[in-house]
Trainee: 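My questions will all concern the structure given below.
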Amino acid sequence: LTRTFSATALHAAASGRVSNAVQDKDMLSKSEAGKGGSSSAKQPQLDTNPPKGTRDFYPEDMRMRTWLFDQWRDVAKTYGFSEYDAPVLESEALYTRKAGEEVTQQLYNFVDKGDRAVALRPEMTPSLARMVMAKKGGLTLPLKWFSIPQCWRYERMTRGRRREHFQWNMDVWGVSGEEADAELLSAMVHFFKKVGLTSEDVGIKVNSRLVISEVLTKLGIPSEKFAATCVLVDKLEKVPLDAIQGDLEELGLDRSVIEQLTEVLTVKSIDAIKDVLGEESEAFQQITKLTNLCEAYGISDWIIFDASVVRGLAYYTGVVFEAFDRKGVLRAIAGGGRYDKLLETFGGDPTPAAGFGFGDAVIVELLKDRKLLPAFDSVGVDTVVFAMGSDLYPAALKVASKLREAGQNVDLVLEDKKTKWVFKHADRLGAKYCAIIGSQEFENGEVAIKDLSAGEQQTISVDSLSEWVEKQNQ
């Protein structure tokens with residue numbers, strides 16, 4: 001049956017109404033189609049691709065996503081973190097900071113029907129800040145919270161970079177010392193080890209934004225230009241200095257200042273930073289304490305000091321870090337740092353905070369490259385149940401119910417099928433057993449159960465299925 005919808009009909013349906021004229025026209029179209037008539041204009045075929053930069057999650061994809069999320073949740077809970085969530089739609093004002101960040105230009109934003117400027121969240125940290133502020137001091141600090149939100153950015157796509165992604169966030173609020181940063185780094189390494197990666201696969205570059213702050217102070221650059229300068233310096237990893245020269249001039253920074261700054265940022269040892277900034281430098285002391293804590297955690301082989309890491313978000317204030325593929329094939333795997341002043345930018349009270357974001361796309365690519373991603377072919381079905389005739393279907397229902405009540409995942413064959421098809425179906429699902437209800441078994445109150453891996457078959461009383469399941473679980 002072919003249905004033809006006019007633009008008027010679609011618009012009306014979207015607003016929750018359909019006019020009588022449209023209804024009459026639609027009924028006429030159905031009537032003509034029913035009589036064998038044909039529509040005068042063939043409808044264009046639906047584009048079955050999801051919007052550019054987004055993904056469909058078919059069952060196998062969902063199994064992989066669920067597995068990854070389970071790993072993240074297990075690590076977060078191991079470290080004593082509690083899960084939270086927030087709306088994917090937020091006020092645009094949460095993200096429109098004035099430091100020239102890319103995220104501001106990458107928003108999926110619009111004005112809603114209530115004339116409110118809103119945006120799909122590009123990151124989770126501002127939502128967390130909003131939630132903390134909403135409690136007005138009613139939360140007991142420190143907070144250790146985690147989430148796995150879907151985030152949206154309209155950006156150029158590359159391998160491991162899409163316009164939507166899921167991101168594991170772990171944040172600690174209310175702890176001003178490097179202990180919080182080190183705990184977060186330890187959790188990140190714990191995850192890498194859990195999925196089979198080693199320090200030969202992944203490294204974590206660490207730095208402090210105090211390094212660049214102290215250098216800028218020595219060069220006579222005012223503090224109010226600090227955040228915007230960090231955002232520009234972060235771009236130097238992707239573009240040459242000439243590409244951001246105009247932005248630097250707008251900040252009042254001449255080329256010589258940036259060249260001196262970039263010379264310091266090429267430093268790869270803590271001792272060299274001490275030589276530049278002095279032993280009394282707060283930045284030097286912060287990095288030294290952090291590396292000592294990482295050594296106590298036993299993760300020093302993962303940690304690399306790199307003064308060029310500043311991260312691209314303006315709200316970072318202290319320690320920053322970035323996990324990377326040591327082969328250099330993939331972009332940053334994860335990143336984070338300290339953002340002690342974020343709440344103040346929203347009019348809240350000063351509150352120390354640190355956290356990281358860990359996207360799903362890059363880590364999946366990395367695990368594929370290292371052949372560490374599990375297979376997700378199996379649906380997780382324990383037993384396939386089928387009746388060898390429609391008259392035996394009620395008995396099959398009883399068997400399936402008993403197995404489910406005993407804790408098994410059961411796929412019940414809902415149609416009349418040949419036995420050959422059923423066994424192929426069970427194999428496709430990766431099922432362990434097949435429960436067959438034939439006429440003889442039915443008369444005896446029994447069910448035939450075949451072990452699909454061993455190829456052995458046994459007959460069991462329907463009333464003793466619970467005991468049989470318990471025995472299989474031992």
Side-chain angles (χ1 to χ4, degrees), residues 10 14 44-69 71-72 85-97 99-113 116-128 146-169 231 234-235 237-239 243-244 311-315 322-325 327-336 355-370 373 376:
L10 289 173
Q45 186 172 349
L46 175 71
D47 182 0
T48 58
N49 293 312
K52 190 173 182 180
T54 67
R55 298 166 286 178
D56 291 318
F57 289 89
Y58 288 89
E60 185 175 347
D61 304 316
M62 277 303 298
R63 290 194 288 273
M64 179 182 70
R65 192 176 99 181
T66 300
W67 171 83
L68 178 61
F69 288 11
Q71 310 309 307
W72 283 341
D85 200 2
V88 68
L89 188 69
E90 285 278 17
S91 168
E92 183 187 70
L94 273 180
Y95 313 110
T96 50
R97 296 177 293 267
E101 300 163 305
E102 285 185 347
V103 65
T104 304
Q105 284 79 49
Q106 295 170 348
L107 291 177
Y108 277 90
N109 55 334
F110 58 96
V111 176
D112 70 9
K113 294 179 180 180
R116 292 171 288 260
V118 295
L120 298 180
R121 64 178 170 225
E123 54 166 328
M124 193 63 162
T125 310
S127 294
L128 174 56
F146 82 97
S147 61
I148 308 176
Q150 188 178 32
C151 300
W152 297 80
R153 293 189 184 188
Y154 193 89
E155 60 181 342
R156 186 176 64 86
M157 293 179 295
T158 59
R159 186 184 179 194
R161 183 192 290 264
R162 300 184 177 90
R163 289 175 178 168
E164 59 78 20
H165 68 282
F166 288 90
Q167 181 171 286
W168 176 36
N169 285 64
V231 172
D234 183 65
K235 294 179 181 179
E237 189 177 353
K238 308 167 191 172
V239 299
I244 61 170
R311 302 293 295 162
L313 294 172
Y315 54 65
E322 191 171 280
F324 68 99
D325 171 18
K327 289 185 178 180
V329 175
L330 298 166
R331 62 184 286 267
I333 302 166
F356 67 71
F358 196 128
D360 66 327
V362 177
I363 188 62
V364 167
E365 292 294 331
L366 182 64
L367 292 173
K368 285 179 182 175
D369 278 359
R370 303 300 196 273
L373 201 62
F376 299 100

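We number each residue from 1, following the sequence as shown.
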Trainee: What residues, two or more places apart in sequence or in another chain, satisfy side-chain contact (heavy atoms from CB on, under 4.5 Å) together with Phe376?
Mentor: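 Once residues adjacent in sequence are excluded, the partners of Phe376 under the side-chain contact (heavy atoms from CB on, under 4.5 Å) criterion are Glu60, Arg63, Met64, Trp67, Leu373, Pro374.
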Trainee: Flag the pair Glu365 / Arg331 as yes when at least one side-chain heavy-atom distance between them is below 4.5 Å, and no otherwise.
Mentor: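 Sidechains of Arg331 and Glu365: no contact.
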Trainee: Quick one: list whatever passes side-chain contact (heavy atoms from CB on, under 4.5 Å) with Asn49, sequence neighbours left out.
Mentor: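 If we apply the side-chain contact (heavy atoms from CB on, under 4.5 Å) test to Asn49, skipping adjacent residues, the hits are Asp47.
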Trainee: How long is the straight-line distance from CG of Leu120 back to OH of Tyr95, given to the nearest 0.5 Å?
Mentor: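 Reported value, rounded in 0.5 Å steps: 9.0 Å.
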Trainee: What are the two closest non-hydrogen atoms of Gly53 and Arg162, and how far apart are they?
Mentor: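 Of all heavy-atom pairs spanning Gly53 and Arg162, the closest is O-CB, 3.3 Å.
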Trainee: With sequence neighbours left out, write down each residue that passes side-chain contact (heavy atoms from CB on, under 4.5 Å) with Asp360, or none if nothing qualifies.
Mentor: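 Checked Asp360 against side-chain contact (heavy atoms from CB on, under 4.5 Å); matches are Arg55, Leu68, Trp72, His165, Phe166.
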Trainee: What residues form a salt bridge (charged side-chain N to carboxylate O under 4.0 Å, His left out) with Glu155, not counting sequence neighbours?
Mentor: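 Salt bridge (charged side-chain N to carboxylate O under 4.0 Å, His left out) check on Glu155 returns Arg161.
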Trainee: Working to the nearest 0.5 angstrom, can you tell me the gap between Gln150 CD and Asp85 CG?
Mentor: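 Between Gln150 CD and Asp85 CG, I get 11.0 Å after rounding to 0.5 Å.
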Trainee: Go through the structure and list residues passing side chain to side chain donor-acceptor pair (under 3.5 Å) with Asp56, not counting sequence neighbours.
Mentor: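 Side chain to side chain donor-acceptor pair (under 3.5 Å) check on Asp56 returns nothing, list empty.
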Trainee: Suppose we screen for side chain to side chain donor-acceptor pair (under 3.5 Å). Which residues come up paired with Asp369, at least two apart in sequence or across chains?
Mentor: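 Arg159.
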Trainee: Measure the spacing between CD1 of Ile363 and CG of Leu366 and express it to the nearest 0.5 Å.
Mentor: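 Between Ile363 CD1 and Leu366 CG, I get 5.0 Å after rounding to 0.5 Å.
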Trainee: Looking at every heavy atom in both Cys151 and Gln167, which two are closest together, and how far apart are they?
Mentor: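 Looks like SG-CB, 4.4 Å.
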Trainee: Taking only residues two or more places apart in sequence or in another chain, which ones pass ring pair (Phe, Tyr, Trp, His ring centres under 6.0 Å) with Tyr108?
Mentor: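 With neighbours one apart ignored, the set is Trp152, Tyr154.
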Trainee: Answer with yes or no after comparing the ring centroid distance for Trp168 and Phe356 against a 6.0 Å cut-off, counting only values under it.
Mentor: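 Between Trp168 and Phe356, the centre distance is under 6.0 Å.
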Trainee: At what distance, to the nearest 0.5 angstrom, does CE of Met124 lie from CD1 of Ile148?
Mentor: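 With rounding to 0.5 Å, CE (Met124) is 10.5 Å from CD1 (Ile148).
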Trainee: Distance check, rounded to the nearest 0.5 Å: Asp61 atom CG versus Thr66 atom OG1?
Mentor: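 Rounded to the nearest 0.5 Å, the CG-OG1 separation comes to 10.5 Å.
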Trainee: Look only at the side chain of Asp325 and the backbone of Leu330, and say whether a donor-acceptor pair between them is shorter than 3.5 Å.
Mentor: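 Here the side-chain-to-backbone pair exists.
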Trainee: For Pro122 and Leu107, work out which heavy atoms get closest and say how close.
Mentor: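 The answer is CG-CD2, 3.6 Å.
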Trainee: Identify, with sequence neighbours excluded, every residue that meets side chain to side chain donor-acceptor pair (under 3.5 Å) alongside Gln71.
Mentor: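 None.
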Trainee: Would you give the length of the straight line joining atom CZ of Arg156 to atom CZ of Arg163, rounded to the nearest 0.5 angstrom?
Mentor: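 Arg156 CZ to Arg163 CZ: 10.5 Å, rounded to 0.5 Å.
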Trainee: When you measure from the side chain of Arg121 to the backbone of Pro87, do you find a donor-acceptor pair of N or O atoms at a distance under 3.5 Å?
Mentor: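 Yes.
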Trainee: Apply side chain to side chain donor-acceptor pair (under 3.5 Å) to Gln106 and list each qualifying residue two or more places apart in sequence or on a separate chain.
Mentor: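 Residues passing side chain to side chain donor-acceptor pair (under 3.5 Å) with Gln106: none at all.
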Trainee: Using side-chain contact (heavy atoms from CB on, under 4.5 Å) as the criterion, list what pairs up with Ala332, not counting sequence neighbours.
Mentor: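 Ala332: side-chain contact (heavy atoms from CB on, under 4.5 Å) contacts with Glu322.
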